[in-house]
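Just so it is clear, the model here is predicted, and its values are computed rather than measured. In what follows, every heavy atom counts, from backbone to side chain, and hydrogens, waters and symmetry copies are set aside.
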Amino acid sequence: DRIAQGSVIDSIGLFEPVIIVLRDERGLNLGRLIKARPRDPNAPARTVTLSDIQINDAQVALHGIREMGPFVVPARFEDFDARVVFEYQPDRSTLSLAQVSARALDPDLDIRQLGGTLAFSDGNMHLGDITMKTAESNIHVDGVIEDYRGEARFALVAKGAPWSLPELEGVVPYAAPYDLHPHVDARIEGPASRLVMTVAAASEAGDVDGVLTGDFTDPNRRLEGLVG
(Lines give C-alpha, C1' and ligand atoms only; values in the text may rest on other atoms or scores of the structure.)
Protein backbone atom coordinates (compact mmCIF):
# COMPACT_ATOMS: atom_id res chain seq x y z
CA ASP A 1 0.00 0.00 0.00
CA ARG A 2 2.77 2.39 0.88
CA ILE A 3 4.43 1.92 -2.50
CA ALA A 4 1.13 2.45 -4.28
CA GLN A 5 0.51 5.66 -2.38
CA GLY A 6 4.03 6.98 -2.90
CA SER A 7 7.55 6.96 -1.52
CA VAL A 8 8.41 8.37 1.90
CA ILE A 9 11.93 9.01 3.18
CA ASP A 10 11.89 9.72 6.89
CA SER A 11 15.16 11.61 7.31
CA ILE A 12 18.08 13.01 5.32
CA GLY A 13 21.11 14.76 6.84
CA LEU A 14 23.50 16.98 4.88
CA PHE A 15 26.62 18.29 6.62
CA GLU A 16 28.68 21.15 5.14
CA PRO A 17 27.27 20.71 1.62
CA VAL A 18 27.74 23.15 -1.25
CA ILE A 19 24.32 23.75 -2.84
CA ILE A 20 23.73 25.50 -6.18
CA VAL A 21 20.21 26.77 -6.87
CA LEU A 22 19.65 27.60 -10.54
CA ARG A 23 16.61 29.12 -12.21
CA ASP A 24 16.27 28.75 -15.98
CA GLU A 25 13.44 28.50 -18.51
CA ARG A 26 12.41 25.17 -16.94
CA GLY A 27 12.16 26.63 -13.44
CA LEU A 28 14.26 25.83 -10.39
CA ASN A 29 16.71 22.94 -10.62
CA LEU A 30 15.68 21.79 -7.13
CA GLY A 31 12.21 21.17 -8.50
CA ARG A 32 13.73 18.59 -10.86
CA LEU A 33 15.30 16.48 -8.13
CA ILE A 34 12.44 14.05 -8.63
CA LYS A 35 12.51 13.00 -12.28
CA ALA A 36 9.11 12.86 -13.94
CA ARG A 37 8.13 9.60 -15.61
CA PRO A 38 5.54 8.87 -18.31
CA ARG A 39 2.32 8.48 -16.43
CA ASP A 40 -0.22 5.69 -16.80
CA PRO A 41 -3.61 7.45 -16.55
CA ASN A 42 -5.02 4.34 -14.84
CA ALA A 43 -2.29 4.19 -12.22
CA PRO A 44 -2.21 6.17 -8.93
CA ALA A 45 -0.27 9.42 -9.08
CA ARG A 46 3.33 8.98 -7.98
CA THR A 47 4.23 11.03 -4.92
CA VAL A 48 7.48 11.45 -3.00
CA THR A 49 7.83 12.88 0.50
CA LEU A 50 11.12 13.74 2.19
CA SER A 51 9.82 14.12 5.73
CA ASP A 52 12.82 15.65 7.47
CA ILE A 53 15.75 17.19 5.60
CA GLN A 54 18.40 18.59 7.95
CA ILE A 55 21.10 20.82 6.50
CA ASN A 56 24.02 21.99 8.63
CA ASP A 57 26.66 24.63 7.89
CA ALA A 58 26.01 24.73 4.16
CA GLN A 59 27.15 27.15 1.48
CA VAL A 60 24.42 28.07 -1.00
CA ALA A 61 24.86 29.92 -4.31
CA LEU A 62 21.93 31.29 -6.33
CA HIS A 63 22.00 31.79 -10.10
CA GLY A 64 19.27 33.37 -12.20
CA ILE A 65 17.33 34.57 -9.16
CA ARG A 66 18.98 37.95 -8.68
CA GLU A 67 15.86 40.12 -8.64
CA MET A 68 12.24 39.45 -7.81
CA GLY A 69 10.19 42.60 -8.44
CA PRO A 70 11.22 45.25 -5.90
CA PHE A 71 13.56 42.87 -4.03
CA VAL A 72 17.21 42.01 -4.64
CA VAL A 73 17.93 38.40 -3.73
CA PRO A 74 21.30 37.68 -2.06
CA ALA A 75 23.70 35.82 -4.35
CA ARG A 76 25.20 33.60 -1.63
CA PHE A 77 24.42 32.20 1.79
CA GLU A 78 26.92 30.92 4.33
CA ASP A 79 26.44 29.21 7.71
CA PHE A 80 23.18 27.92 6.23
CA ASP A 81 21.25 25.69 8.66
CA ALA A 82 17.81 24.34 7.87
CA ARG A 83 15.12 21.78 8.59
CA VAL A 84 12.71 21.39 5.70
CA VAL A 85 10.10 19.02 4.29
CA PHE A 86 9.81 18.38 0.54
CA GLU A 87 6.65 16.94 -1.03
CA TYR A 88 6.41 16.04 -4.70
CA GLN A 89 3.22 15.42 -6.65
CA PRO A 90 3.01 15.35 -10.46
CA ASP A 91 1.21 18.70 -10.56
CA ARG A 92 2.68 20.39 -7.49
CA SER A 93 5.87 20.49 -5.42
CA THR A 94 5.96 21.97 -1.92
CA LEU A 95 8.92 22.98 0.21
CA SER A 96 8.03 23.58 3.87
CA LEU A 97 10.60 25.61 5.81
CA ALA A 98 10.43 24.53 9.43
CA GLN A 99 13.56 26.41 10.50
CA VAL A 100 16.14 28.23 8.37
CA SER A 101 18.96 30.55 9.41
CA ALA A 102 21.87 31.87 7.36
CA ARG A 103 24.28 34.71 6.70
CA ALA A 104 23.33 36.21 3.35
CA LEU A 105 25.96 37.92 1.19
CA ASP A 106 25.72 40.34 -1.75
CA PRO A 107 23.65 42.00 -0.38
CA ASP A 108 24.44 41.25 3.26
CA LEU A 109 21.72 40.23 5.68
CA ASP A 110 21.73 38.22 8.91
CA ILE A 111 18.74 35.86 8.65
CA ARG A 112 18.08 34.55 12.13
CA GLN A 113 14.83 32.73 11.40
CA LEU A 114 12.96 31.94 8.19
CA GLY A 115 9.83 29.84 7.90
CA GLY A 116 6.77 29.15 5.76
CA THR A 117 6.02 27.24 2.58
CA LEU A 118 6.94 27.56 -1.10
CA ALA A 119 4.71 25.68 -3.52
CA PHE A 120 5.27 25.37 -7.28
CA SER A 121 2.37 24.57 -9.60
CA ASP A 122 1.51 25.41 -13.23
CA GLY A 123 4.49 27.76 -13.51
CA ASN A 124 3.46 29.75 -10.43
CA MET A 125 5.21 30.15 -7.09
CA HIS A 126 2.93 30.29 -4.05
CA LEU A 127 4.32 31.84 -0.87
CA GLY A 128 2.49 30.67 2.22
CA ASP A 129 2.99 32.46 5.52
CA ILE A 130 6.66 33.29 4.82
CA THR A 131 8.17 34.91 7.91
CA MET A 132 11.70 36.26 8.26
CA LYS A 133 13.34 37.56 11.40
CA THR A 134 16.63 39.42 11.30
CA ALA A 135 18.53 41.47 13.87
CA GLU A 136 16.23 44.48 13.39
CA SER A 137 13.27 43.36 11.28
CA ASN A 138 10.29 41.02 11.40
CA ILE A 139 8.75 40.49 7.94
CA HIS A 140 5.79 38.47 6.69
CA VAL A 141 4.95 37.76 3.03
CA ASP A 142 2.01 35.85 1.58
CA GLY A 143 0.64 35.45 -1.94
CA VAL A 144 1.64 34.22 -5.38
CA ILE A 145 4.13 35.05 -8.15
CA GLU A 146 2.53 33.95 -11.40
CA ASP A 147 4.74 32.80 -14.28
CA TYR A 148 7.82 33.23 -12.08
CA ARG A 149 9.99 31.66 -14.81
CA GLY A 150 9.01 34.30 -17.37
CA GLU A 151 7.30 37.69 -17.15
CA ALA A 152 6.49 37.37 -13.48
CA ARG A 153 3.29 38.90 -12.13
CA PHE A 154 3.08 39.59 -8.42
CA ALA A 155 0.12 39.36 -6.09
CA LEU A 156 1.68 39.65 -2.64
CA VAL A 157 0.88 41.02 0.78
CA ALA A 158 3.98 42.14 2.72
CA LYS A 159 4.03 43.26 6.33
CA GLY A 160 6.85 44.44 8.56
CA ALA A 161 6.75 44.91 12.30
CA PRO A 162 9.19 46.57 12.11
CA TRP A 163 10.88 46.87 8.72
CA SER A 164 14.35 48.33 9.32
CA LEU A 165 15.19 50.33 6.20
CA PRO A 166 18.93 50.74 7.03
CA GLU A 167 19.27 46.99 7.59
CA LEU A 168 17.35 46.08 4.43
CA GLU A 169 18.78 48.73 2.08
CA GLY A 170 20.58 46.10 0.00
CA VAL A 171 17.48 43.93 -0.36
CA VAL A 172 15.11 46.88 -0.90
CA PRO A 173 17.37 49.46 -2.64
CA TYR A 174 14.74 52.18 -3.09
CA ALA A 175 14.46 52.46 0.71
CA ALA A 176 18.20 53.11 1.19
CA PRO A 177 18.11 56.90 1.88
CA TYR A 178 15.81 56.60 4.90
CA ASP A 179 16.98 55.87 8.45
CA LEU A 180 13.57 54.64 9.62
CA HIS A 181 12.07 51.51 11.18
CA PRO A 182 8.44 51.56 10.11
CA HIS A 183 5.64 49.11 10.67
CA VAL A 184 4.51 48.41 7.11
CA ASP A 185 1.41 46.94 5.51
CA ALA A 186 1.73 46.69 1.72
CA ARG A 187 0.07 45.08 -1.28
CA ILE A 188 2.33 44.40 -4.27
CA GLU A 189 0.53 43.74 -7.56
CA GLY A 190 1.35 43.50 -11.26
CA PRO A 191 4.40 42.80 -13.45
CA ALA A 192 7.86 44.05 -12.47
CA SER A 193 7.74 46.62 -15.28
CA ARG A 194 4.71 48.30 -13.73
CA LEU A 195 4.45 47.16 -10.15
CA VAL A 196 1.77 48.82 -8.05
CA MET A 197 2.45 49.04 -4.33
CA THR A 198 -0.30 50.14 -1.98
CA VAL A 199 1.47 51.08 1.26
CA ALA A 200 0.51 52.09 4.77
CA ALA A 201 3.37 52.72 7.21
CA ALA A 202 3.92 54.11 10.69
CA SER A 203 7.45 55.17 11.71
CA GLU A 204 9.45 57.62 13.80
CA ALA A 205 8.68 60.25 11.13
CA GLY A 206 4.90 59.73 11.34
CA ASP A 207 2.19 57.85 9.47
CA VAL A 208 1.96 57.68 5.68
CA ASP A 209 -0.12 55.85 3.11
CA GLY A 210 -0.42 55.93 -0.63
CA VAL A 211 0.04 54.17 -3.93
CA LEU A 212 3.42 53.87 -5.67
CA THR A 213 4.16 52.54 -9.15
CA GLY A 214 7.60 51.20 -10.01
CA ASP A 215 9.50 49.91 -13.02
CA PHE A 216 11.88 47.38 -11.52
CA THR A 217 13.13 46.18 -14.88
CA ASP A 218 14.82 49.56 -15.36
CA PRO A 219 18.45 49.64 -14.10
CA ASN A 220 17.61 52.86 -12.22
CA ARG A 221 14.52 51.28 -10.61
CA ARG A 222 12.05 54.11 -11.14
CA LEU A 223 9.48 54.57 -8.40
CA GLU A 224 6.82 57.27 -8.46
CA GLY A 225 3.53 58.13 -6.81
CA LEU A 226 2.07 60.03 -3.88
CA VAL A 227 2.14 59.22 -0.18
CA GLY A 228 0.90 61.37 2.62
Side-chain angles (χ1 to χ4, degrees), residues 14-33 53-84 86 93 95 97 99-120 123-127 130-141 143 145 147-154 156 158 160 163-178 188 191-193 195 197 214-223:
L14 301 174
F15 300 91
E16 299 184 355
V18 176
I19 301 172
I20 297 175
V21 181
L22 171 68
R23 184 179 71 176
D24 57 22
E25 65 278 0
R26 294 183 295 166
L28 292 176
N29 60 341
L30 295 183
R32 302 193 291 271
L33 287 175
I53 305 172
Q54 298 188 42
I55 303 172
N56 297 99
D57 199 21
Q59 297 181 48
V60 181
L62 274 59
H63 299 279
I65 321 174
R66 188 57 172 164
E67 297 182 356
M68 295 187 69
F71 308 111
V72 175
V73 179
R76 305 189 313 281
F77 297 85
E78 296 186 352
D79 302 325
F80 184 96
D81 298 317
R83 293 192 67 174
V84 303
F86 179 74
S93 297
L95 187 65
L97 311 175
Q99 172 64 50
V100 177
S101 62
R103 182 165 56 92
L105 301 171
D106 188 23
D108 296 352
L109 188 64
D110 181 15
I111 301 173
R112 298 188 175 182
Q113 184 176 339
L114 178 66
T117 61
L118 296 172
F120 303 88
N124 303 327
M125 180 191 301
H126 300 265
L127 290 77
I130 298 293
T131 58
M132 183 178 70
K133 295 182 180 180
T134 67
E136 301 178 15
S137 303
N138 187 355
I139 298 168
H140 177 271
V141 180
I145 304 174
D147 190 20
Y148 77 97
R149 293 174 292 190
E151 299 295 327
R153 297 180 301 277
F154 296 81
L156 302 175
W163 189 310
S164 172
L165 300 188
E167 180 188 44
L168 299 172
E169 65 176 354
V171 178
V172 191
Y174 59 85
Y178 305 101
I188 302 171
S193 59
L195 204 62
M197 295 184 288
D215 180 358
F216 294 96
T217 62
D218 188 296
N220 296 321
R221 292 177 166 266
R222 297 198 310 269
L223 187 64

Practice item. Step by step, work out the side chain to side chain contact (heavy atoms under 4.5 Å, CB included) result for Ile111 and Val100. Key: CA-CA 8 Å; Ile111 301 173; Val100 177; 5.6 Å; no

Report all side-chain donor-acceptor pairs from residues 71-81 shorter than 3.5 Å, counting only partners two or more places apart or in another chain.
| residue | atom | partner | partner atom | Å |
| --- | --- | --- | --- | --- |
| Glu78 | OE1 | Arg103 | NH2 | 2.8 |
| Asp79 | OD2 | Arg103 | NE | 3.4 |
| Asp81 | OD1 | Asp57 | N | 2.6 |

Practice item. List for me each residue that meets side chain to side chain donor-acceptor pair (under 3.5 Å) alongside Gln99, sequence neighbours excluded, and say none if there are none. Key: none

Practice item. State whether the side chain of Ser137 and the backbone N or O of Ser164 hold a donor-acceptor pair below 3.5 Å, judged by distance alone. Key: yes

Practice item. Could you check if a side-chain atom of Arg153 sits within less than 4.5 angstrom of a side-chain atom of Asp147, using non-hydrogen atoms only? Key: yes

**Study point:** Set of side chain to side chain contact (heavy atoms under 4.5 Å, CB included) partners for Asn138, sequence neighbours left out
**Key:** Lys133

Check your understanding: How far does OG of Ser101 sit from CZ of Arg83, to the nearest 0.5 angstrom?
Key -> 12.5 Å

**Study point:** With sequence neighbours excluded, residues passing side chain to side chain donor-acceptor pair (under 3.5 Å) with Gln59
**Key:** none

Point to revise | pair Ile145-Leu127: side-chain heavy atoms closer than 4.5 Å | key: yes

Point to revise | Qualifying residues under side chain to side chain donor-acceptor pair (under 3.5 Å), relative to Thr134, sequence neighbours excluded | key: Glu167

Exercise for review: Could you tell me the separation between the CD1 atom of Ile55 and the CD1 atom of Ile19, rounded to the nearest 0.5 Å?
Suggested key: 4.5 Å

Point to revise | From Tyr148 atom OH to His126 atom NE2, the distance as rounded to the nearest 0.5 Å | key: 10.5 Å

Review point. Could you give the distance from CG (Leu97) to OG1 (Thr117), rounded to the nearest 0.5 Å?
Key: 7.5 Å

Review point. By salt bridge (charged side-chain N to carboxylate O under 4.0 Å, His left out), which residues pair with Asp106, not counting sequence neighbours?
Key: Arg66

**Study point:** Non-hydrogen side-chain atoms of Ile130 and Ile139 separated by less than 4.5 Å
**Key:** no

